[in-house]
Number of protein chains: 2
Amino acid sequence: MAKKDDMLRLDSQLCFSIYACSREIIGLYRPLLDDLGITYPQYLVLLVLWEQKECTVKELGNRLYLDSGTLTPMLKRMENNGLVKRFRSQQDERVVLISLTKKGESLKERAYCIPEEFLAKSGFTLAEMKEMLVRLQSLRKQMNA
Amino acid sequence: MAKKDDMLRLDSQLCFSIYACSREIIGLYRPLLDDLGITYPQYLVLLVLWEQKECTVKELGNRLYLDSGTLTPMLKRMENNGLVKRFRSQQDERVVLISLTKKGESLKERAYCIPEEFLAKSGFTLAEMKEMLVRLQSLRKQMNA
DNA sequence: TGTAAATATATTGTTAACAATTTAATTGCA
DNA sequence: TGCAATTAAATTGTTAACAATATATTTACA
């Protein structure tokens with residue numbers, strides 16, 4: 001049963017390596033994000049809004065793979081911290097639109113250093129980084145098929 | 001500023017790809033783990049215990065990169081579900097030892113299919129899987145340096 | 001030996017992830 | 001037109017991650 005047992009060894013599990021890596025990266029980002037007064041998932045929301053200024057909760061969920069059960073309370077916290085505004089669409093009252101405040105907008109300038117810092121600490125070249133990105137995206141596509 | 005802005009695009013962020021992948025894999029595992037009556041982090045605890053039968057909370061934390069703030073309540077839940085036993089070491093009363101119950105032990109047999117299922121769904125060959133594993137481990141090592 | 005430092009776990013409080021359900025608005029179609 | 005099905009968010013409840021702190025035990029060494 002040694003071979004069978006090998007499959008169940010913690011250190012041979014890709015899933016664990018990805019899970020641990022994710023948490024480690026978030027830990028690396030934490031002091032930087034603390035300076036901006038945001039958390040990692042909030043940073044992801046801002047990334048989307050820095051790209052497109054305004055979007056619906058639904059669209060945010062599609063980009064980040066999160067549902068309203070996660071997003072609604074998080075967006076309320078961000079609203080309380082003055083980062084975003086929330087309001088119902090006039091055309092369709094079911095839809096909630098999220099847009100940046102001046103404060104949320106202004107954080108972008110201070111965020112450029114974050115991916116740079118990560119690239120530096122990762123020890124990867126930009127090419128290796130992209131290679132990895134492609135593999136992970138194909139993994140995700142596969143799993144959805 | 002287009003190039004600078006590119007760095008902040010959600011889809012060019014390796015960190016997001018890893019974070020999203022991690023959650024997606026856990027989602028893939030969920031129905032299988034539901035059958036066993038455990039969650040993903042609990043599965044990781046069992047992986048360690050299937051390897052070595054008994055260990056301390058400290059050792060579990062070292063393997064899984066989790067602290068007592070996460071482990072203590074989780075291990076209590078696992079104890080309530082009859083999966084593990086918890087008891088203080090006789091030699092050092094600070095230390096809490098975790099060991100498997102018959103029930104926890106017996107789940108191993110039903111868990112072999114989980115990494116197999118993942119390998120199948122990932123669309124990766126075993127070699128590609130290992131390649132990826134190595135890269136992620138080196139990324140983790142780098143970040144800790 | 002006695003006490004300060006170190007160590008292991010537990011506790012408290014905040015944020016997040018997600019299933020399941022609810023509420024409200026819109027759409028489709030008999 | 002009117003009502004059933006669909007859709008978008010919000011709500012509720014459970015588990016987890018983690019910072020900060022507390023408690024209890026052990027170790028080190030003055």
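Every chain is numbered from 1 and lettered A, B, ... according to where its sequence line falls, protein lines coming before strand lines. All figures in this text were calculated on a predicted structure; none of them were measured in a lab.
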Atom pair distance, as rounded to whole Å: NZ in B/K58 and P in C/dA8: 5 Å
Rounded interatomic separation in angstrom, taking CG from A/N62 and P from D/dT7: 13 Å
Partner set under ring-ring contact (aromatic ring centres under 6.0 Å, His included) for B/F124, not counting sequence neighbours: none
Qualifying residues under ring-ring contact (aromatic ring centres under 6.0 Å, His included), relative to B/F16, sequence neighbours excluded: none
Under 4.0 Å protein heavy-atom contacts per nucleotide of nucleotides 15-20 of chain D, with B for base, S for backbone only and - for none: SSBBS-
For residues [X] and [Y], report the shortest heavy-atom separation together with the two atoms involved.
| X | Y | result |
| --- | --- | --- |
| B/L136 | A/L14 | CD1-CD1, 3.7 Å |
| A/P41 | A/M74 | CB-SD, 3.6 Å |
| A/Y65 | A/R140 | OH-NH1, 2.7 Å |
| B/K103 | B/N81 | NZ-O, 2.7 Å |

Separation between NZ of A/K58 and CZ of A/R94, rounded to the nearest 0.5 Å: 10.5 Å
Salt bridge (Lys or Arg N to Asp or Glu O under 4.0 Å) partners of A/R9, counting only residues at least two apart: A/D6
Carboxylate-amine/guanidinium proximity below 4.0 Å for B/R110 and B/D35: no
Heavy-atom donor-acceptor pair, A/T56 side chain to A/V96 backbone, under 3.5 Å: no
Near-strand residues of residues 83-100 of chain A, defined as heavy-atom separation under 4.0 angstrom from DNA chain C: A/Q91, A/D92, A/E93, A/R94
Any A/K76 side-chain nitrogen or oxygen under 4.0 Å from OP1 or OP2 of D/dT11: yes
Between the first and last five pairs of the helix from C/dT1-D/dA30 to C/dA30-D/dT1, the angle of the axes, rounded to 10 degrees: 0°
